[in-house]
Amino acid sequence: MNRVTGPRAADILSEYRAEFAVGEHSVRHLRRILRLYLAGVGLAGVSDAAELALTEVVANVVRHVPGRRCRICFLLRPGGVRVEVADGCPRLPVRGGGEGLEEGGRGMVIVDAVTERWGVDVCPGGLGKTVWFECGEGG
């Protein structure tokens, strides 16, 4: 996991925010929203990586967050996008080895492989977190 501060407000060109209670079938709808957003701003080239990473992060919400509620934010920045998924659960994602016959642990390995950087920001008081990642052209 990389530790990077969030984007400066001056670097944000556009944003999309929404709150959802997600289920097993929500990911395909969120991927479509992200794909359309990226195509609309001329960043279709980062769509595959961003959609795959979004799939893994939202799957963690479905599996591990009581109530499955999360806030999604797509932040357009010069040459790329930052995606944030926030929830009220203090449990942090684990970047497992993804080895053997383990049922989980590969999601954040995939996020690490397809994004420029990613991280987790813990909410004050430990009452939740924001998992974020960034994908850019040429990255």
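Quick caveat: nothing in here was measured; it's all calculated off a predicted structure. For reference, positions follow the sequence shown, starting with 1.
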- Nearest-0.5 Å distance that lies between atom OG1 in T115 and atom CH2 in W132: 8.0 Å
- Message: With a 4.5 Å cut-off on side-chain heavy atoms, are L34 and I72 touching?
- Response: no
- Message: Quick check: do V122 and L92 have side-chain heavy atoms less than 4.5 Å from each other?
- Response: yes
- Should L38 and L36 be counted in the same cluster of Ile, Leu, Val, Met, Phe, Trp and Tyr side chains packed under 4.5 Å apart? no
- Query: Looking at SG of C89 and NE2 of H64, how far apart are the two atoms once the value is rounded to the nearest 0.5 Å?
  - Reply: 9.0 Å
- Audit row: L75, E84, side-chain contact (heavy atoms from CB on, under 4.5 Å) steps and yes/no: CA-CA 8 Å; L75 299 167; E84 300 177 349; 3.6 Å; yes
- Task: Run through L54, T130, N60 and flag the one making a side-chain contact (heavy atoms from CB on, under 4.5 Å) with V85.
- Result: L54
- What is the ring orientation for Y16 with F74, classed by angle as parallel under 30°, tilted 30 to 60°, or perpendicular over 60°? parallel
- Query: Side-chain contact, heavy-atom cut-off 4.5 Å: V83 with C73?
  - Reply: no
- Message: Return the CZ to OG distance between R35 and S47, rounded to the nearest 0.5 Å.
- Response: 6.0 Å
- Message: If the threshold is 4.0 Å, N to carboxylate O, is there a salt bridge linking E116 and R77?
- Response: yes
- Message: Whether R71 and E19 form a salt bridge (side-chain N of Lys/Arg under 4.0 Å from carboxylate O of Asp/Glu) is what I want to check.
- Response: no
- Nearest heavy-atom approach of G42 to E137 is O-OE2, 3.8 Å
- Before accepting this row, confirm whether a basic side-chain N of the pair D87/K129 lies closer than 4.0 Å to the acidic partner's carboxylate O. yes
- Going through the checks in order, is the side-chain contact (heavy atoms from CB on, under 4.5 Å) test met by V22 and V27? CA-CA 8 Å; V22 292; V27 171; over 6 Å; no
- Task: Could you tell me the separation between the CZ atom of R63 and the CZ atom of R91, rounded to the nearest 0.5 Å?
- Result: 11.0 Å
- Task: Work out which heavy atom in A21 is nearest to a heavy atom in S26; give both atom names and the distance.
- Result: O-OG, 4.3 Å
- Item | W118 CH2 to E134 CD distance, which is reported to the nearest 0.5 Å | 13.0 Å
- Task: Compare all side-chain heavy atoms of Y37 with those of L43 and state whether any distance is below 4.5 angstrom.
- Result: no
- Residue that, paired with E51, satisfies salt bridge (Lys or Arg N to Asp or Glu O under 4.0 Å) out of R32, R28, R31: R31
- At their closest point, which heavy atom of A53 faces which heavy atom of V114, and how far apart are they? CB-CG2, 4.1 Å
- Query: Taking NZ, NE, NH1 and NH2 as the nitrogens, is one of them in E24 or R68 under 4.0 Å from a carboxylate oxygen of the other?
  - Reply: yes
